[in-house]
Amino acid sequence: MSKKNQIVSLVVASFCLLAFPLFAGEGMWLPHLLKALNEEEMHAMGMKINAEDIYSINHGSLKDAIVHFGGGCTGSIISSKGLLLTNHHCGYSFVQSHSTVDNNILKNGFWAQSFEQELSNPGLTATFIREIVDVTDNVLGDIPDSLTSKERQKMILANIAKTKADIRLEPFEKIVIKPFYKGLQYIAFITVTYKDVRLVGVPPESIGKFGGDTDNWAWPRHTGDFSIFRIYVDKDNHPAEYNIDNVPLKPIYHLPVSLDGAAEGDFTLVFGFPGRTNAYLPSIAVKQIIEDFDPAKIAIREQSLGVMKKYMVQSEALKLKYASRFARIANYWKKWIGEREGLIKTDALNHKRALEKRFLDRIDSVAIWKEKYGMVYRAFNDAYTINRDYQLSREIHYEAFAWNSQLMRFMHSIHRLASFERDPNAFNSYKQKIDDRVKGFYDAFDHDIDREIFAKVIAEYFKYMPQHMVSPKMFAKWNELGQSGEKMAAFFYDHSIIADSSAFLRLWKLPKDSLMSALHSDEGFNIINDHISYFYDYIEPGYNDNKLVIDSLQKIYMEGLMTVFPKKRFFPDANSTLRVSYGKVEGYTPNDSTTYTPFTYLNGVIAKYKPGDYEFDLPPKLLELYKNKDYGQYADRKGRLPVCFLGSNHTTGGNSGSPVLDGWGNLIGLNFDRVWEGTMSDYYYDIRLCRNIMVDTRYVLFLIDKLGDCHRLIQEMDLVQPKTENKVKE
Ligand code: ARG
Ligand code: ASP
């Protein structure tokens, strides 16, 4: 049997033996395998359409309405004119870039009342998946088992390149090949990327981000987290760079939009691009997340957020400038806190250990299993133990020197330039390449705020950093300056040319040798340059070597789990490829005395309203609409306007903006978050606590129609009433 068939049969056979549990939650499934793996269960849970309606290469199907939005979020097509729906927080930086203090569309909202008013967004892309092909045989077919991890990796890369070259593509198509089930399976995705994606409408931030970071990752939720874009194409309906003459896309398929919404217990399907999960880690890896990695990253971010917040509340200009950055840093800071709490509270470590014990017990009775998998946990322990300091150093290097200090992040580009010092051609061509970036950086550089952030962050960095992993020069400076973050900041920001915009830009004009000799005569530059070299020469390669070992063990373990537990089903970890998660509308009980129902309504928004507040303010027009109960056709049968709802769909970062579909495939909501108690679902999924949070389509429509007065968009959509049409009782 070929390797591909082996793995497919491993997946399918194990699944067919399963006595279908009725309401599944865990799992992010591959669209082209739904028929074999999930369809029966989905029907039992209330799905009316078939797997073929979700993914087909022969006719338009739901997958033709799903896009990877900007590479990190999901969007869906909701009209025959290429209208694209995604989250407010996914369109955030684009809305921010169109905003000024005088014309602050982030604050006031924006509704294009004609095609001409729609705003272009350089750099923004929307990618569709045309076809999904299993290429396991091509990638793994001729690789002998005897190879080392490194040799194997090399052959895999060569096979992937060859496979790509062998597949015939249209000029506007691309192909991406990714590993699944830890590399037991390889799948190719043929994609089409559109580059002219324009902003059409967005509610005021006070609605689109209502509740801000206080309510982020939490339920009950009242956020109208949506924004609307449109894809433009050339006259042949093909992708094109922005051009005034481009026309709206005629999509292969667009989603009907439901006016009926969903009710508790209804089937829900989330279709999107989940980024990354790690569901099959051994207990030692989870322990390191809880004890080492999450605490360090949380502590570093906390420092920089404190500084940013202090300035953002002081002026609208600073708020606008830092809004997107702050949101991005705050988002995962909070996520890690919840994730850590969740892993501890649900006793994830002991659940993992119990699974490990069951695994060992089972393999004990089968000699070949014992031979293949008997060493796996011991090997995991060794590999993860060796890797601990590398991974910790790597993660907090990125936190302290890339995500939180803008100057230090920028220094990575200058370090790269310096690395070409002995190769004038490479030097000059890279210098030219980063010319705009350098000027742009120094023009926008906020010296004082960044300095204050660095002072706090560097002190935290040294608290968590394994000493032997710090570059010797940086470590010596830290000691010389009395281990003071403030003095380190003064050293780099007040006394070095790297933080002096006009001096640096003057140097930048000099020819190579003069530029480099000036830089090398600056102690601050030399230390940071050496520090970054040390990171790339020592920490990064060490981490990558360990990772190869760990990855090959994870692959053996994955195969072992599937073989040893044939009745359990396994989904491939998320890897930014198109997936289907399904569940139902349901609340949860986070502790013994609290139970949450799955819907929130506009009156709940109003109850949280705090006039003038940073996070809980509301636009007067919404208050007016509420006062007059002017909900149009968007109220439910009891006259309430639904705002957000909960489901038991397994989702992760990247699923934001994913359409949520009812059993007939109509749009009922827009995924945007998870609940606090379930944020550990990337590592450990607990059906009792893990819920995804969605905005109700009716709230979206109401805001477009009544708040934005953008009736042309409503007219463009196919509004449907599936429950009325199918006479389903609520
Ligand atoms: N937590 C959500 C996700 O991970 C939404 C984040 C945007 N909102 C915010 N307040 N930062 O992306
Ligand atoms: N808010 C996340 C996103 O942006 C979704 C999640 O992590 O649940 O993709």
Side-chain angles (χ1 to χ4, degrees), residues 303-304 307-308 310-312 314-315 317-318 321-322 325 397-421 427-428 430-462 470-471 473-536:
Q303 296 300 330
S304 94
V307 177
M308 274 191 269
K310 191 173 93 187
Y311 289 99
M312 284 169 73
Q314 279 172 18
S315 94
L318 283 176
K321 185 164 180 183
Y322 278 90
R325 219 177 121 67
H397 173 85
Y398 282 126
E399 288 303 324
F401 290 92
W403 306 133
N404 290 288
S405 152
Q406 306 208 58
L407 176 66
M408 295 304 172
R409 178 192 181 88
F410 168 70
M411 276 299 122
H412 285 73
S413 302
I414 304 302
H415 166 265
R416 177 105 201 268
L417 179 72
S419 73
F420 298 128
E421 201 172 344
F427 184 95
N428 289 326
Y430 186 68
K431 182 161 184 272
Q432 208 169 21
K433 196 171 144 204
I434 62 169
D435 192 55
D436 281 349
R437 199 186 311 161
V438 170
K439 291 183 183 133
F441 172 77
Y442 283 110
D443 282 348
F445 180 43
D446 226 322
H447 177 279
D448 296 356
I449 299 182
D450 206 47
R451 182 194 185 284
E452 203 171 320
I453 290 174
F454 182 75
K456 296 256 163 67
V457 156
I458 191 73
E460 218 59 36
Y461 168 85
F462 276 105
V470 187
S471 66
K473 284 192 184 155
M474 184 67 85
F475 195 51
K477 195 40 100 188
W478 169 245
N479 286 324
E480 183 193 317
L481 296 179
Q483 307 200 344
S484 149
E486 175 50 36
K487 287 188 180 151
M488 289 291 274
F491 173 73
F492 282 110
Y493 284 73
D494 301 343
H495 303 300
S496 166
I497 197 155
I498 60 173
D500 182 339
S501 302
S502 48
F504 194 97
L505 288 176
R506 238 178 291 126
L507 277 193
W508 190 247
K509 294 200 187 97
L510 300 176
K512 172 177 151 291
D513 291 346
S514 328
L515 168 61
M516 287 315 297
S517 89
L519 285 178
H520 284 310
S521 64
D522 184 283
E523 199 195 351
F525 169 77
N526 285 329
I527 292 181
I528 186 66
N529 192 40
D530 177 77
H531 181 74
I532 298 172
S533 295
Y534 192 81
F535 176 75
Y536 286 126

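Sequential numbering from 1 along the given sequence is applied to the chain's residues.
- Residues M408 and I528 have side chains in contact (heavy-atom distance under 4.5 Å, counting atoms from C-beta outward).
- Of all the heavy atoms in L507 and A518, the pair that sits closest is CD2-CB, 3.4 Å.
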(request) Using the ring pair (Phe, Tyr, Trp, His ring centres under 6.0 Å) rule, take H397 and H531 through it: C-alpha gap first, then chi angles, then the decisive distance, then the call. (result) CA-CA 10 Å; H397 173 85; H531 181 74; 5.5 Å; yes

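- Ring geometry, F401 versus Y461: the interplanar angle exceeds 60°, so the pair is classed perpendicular (tilted spans 30 to 60°).
- For the pair K431 and L515, the minimum side-chain heavy-atom distance is below 4.5 Å.
- From I458, atom CD1 reaches atom CD1 of I453 across 13.5 Å, with rounding to the nearest 0.5 Å.
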(request) Take F504 and Y442 through the ring pair (Phe, Tyr, Trp, His ring centres under 6.0 Å) test and state the conclusion after the steps. (result) CA-CA 8 Å; F504 194 97; Y442 283 110; 4.8 Å; yes

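- Within the 4.5 Å cutoff, the side chain of Y536 has heavy atoms near those of the H412 side chain.
- Counting all heavy atoms, side chain and backbone alike, H520 lies closest to N529 at CE1-ND2, 4.4 Å.
- Counting heavy atoms from C-beta outward, R451 and D494 have side chains that approach closer than 4.5 Å.
- Within 6.0 Å of the NZ atom in K433, the count of heavy atoms belonging to other residues, nucleotides or ligands does not exceed 12.
- With values rounded to the nearest 0.5 angstrom, I497 atom CD1 is found 9.0 Å from S502 atom OG.
- Taking both residues in full, the closest heavy atoms of I449 and V307 are given as O-CG1, 4.1 Å, listed atom of the first, atom of the second, then distance.
- Between I498 atom CD1 and F525 atom CZ the span is 8.5 Å, to the nearest 0.5 Å.
- Contact record, F492 with G524: CE2-O, 3.4 Å, taken as the closest heavy-atom pair.
- The closest side-chain heavy-atom distance from Y534 to M474 is not below 4.5 Å.
- Note that the CG atom of D448 and the OH atom of Y311 stand 7.0 Å from one another [nearest 0.5 Å].
- No side-chain heavy atom of E399 sits under 4.5 Å from any side-chain heavy atom of E460.
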(request) Show your reasoning for whether side chain to side chain contact (heavy atoms under 4.5 Å, CB included) applies to V470 and W478. (result) CA-CA 10 Å; V470 187; W478 169 245; over 6 Å; no

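- K439 and D435 are joined by a salt bridge, as a carboxylate oxygen and a charged side-chain nitrogen come within less than 4.0 angstrom of each other.
- With values rounded to the nearest 0.5 angstrom, I414 atom CD1 is found 9.5 Å from I532 atom CD1.
- In this structure, H447 and Y493 have perpendicular ring planes: the angle between them is above 60°, well past the 30° mark.
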(request) Report the C-alpha separation of I434 and W508 in whole Å, then their side-chain angles, then the decisive distance to 0.1 Å, and conclude whether the side chain to side chain contact (heavy atoms under 4.5 Å, CB included) test is met. (result) CA-CA 11 Å; I434 62 169; W508 190 247; 3.8 Å; yes

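- When side chains are defined from C-beta on, F454 does not count as touching N404, because their heavy atoms never get closer than 4.5 Å.
- Contact between F445 and S501 at its shortest, heavy atoms only, is CD2-OG, 3.9 Å.
- Across every non-hydrogen atom of D522 and S496, the tightest pair is OD1-OG, 2.8 Å.
- For the pair F462 and Q483, the minimum side-chain heavy-atom distance is 4.5 Å or more.
- Within 6.0 Å of CD in Q432 there are 12 or fewer heavy atoms belonging to other residues, nucleotides or ligands.
- For K310, the salt bridge (charged side-chain N to carboxylate O under 4.0 Å, His left out) partners two or more places apart in sequence, or in a different chain, are E452.
- From F420, atom CZ reaches atom NE2 of H415 across 10.0 Å, with rounding to the nearest 0.5 Å.
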